[in-house]
Amino acid sequence: MSAVDLRVTGKRCTYWLAAEGRHCGSQVGVRAFIQGPRCPLHDPNVTTGGQP
Ligand SMILES: [Zn+2]
């Protein structure tokens, strides 16, 4: 069972959405990674660091 923590953290996901020309900006469940704060959808382990 993998529970995802979906609390609003006050940090913003900095994942760059190239298709939309903006950062994700989600504040839900954001955690700090080497690459910066990321929401669960953009966890570097999920995106495999696929920044453009
Ligand atoms: Zn995100």
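Because the structure is predicted, anything quoted here is derived from the model rather than measured. Residue numbers count from 1 along this sequence. Ligands are counted one by one from 1 in listed order, and the atoms in each one are counted from 1 as well.
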Anything protein N/O/S under 2.8 Å from the Zn ion (ligand 1)? Just list residue and atom, please. C13 SG, C24 SG, C39 SG, H42 ND1

Give, for atom CD of Q27 and atom CZ of R7, the distance between the pair rounded to the nearest 0.5 Å. 14.5 Å

Relative to each other, are the rings of H42 and Y15 parallel, tilted or perpendicular (30° and 60° limits)? parallel

Between Q35 and P44 the two heavy atoms that sit nearest each other are OE1-CG, 3.3 Å

Do the side chains of L6 and P40 get nearer than 4.5 Å, heavy atoms only? yes

Test log, rule side chain to side chain contact (heavy atoms under 4.5 Å, CB included), inputs R38 and T14: CA-CA 6 Å; R38 294 291 179 80; T14 58; 3.9 Å; yes

Nearest heavy-atom contact between V30 and P37 is CG1-CB, 3.6 Å

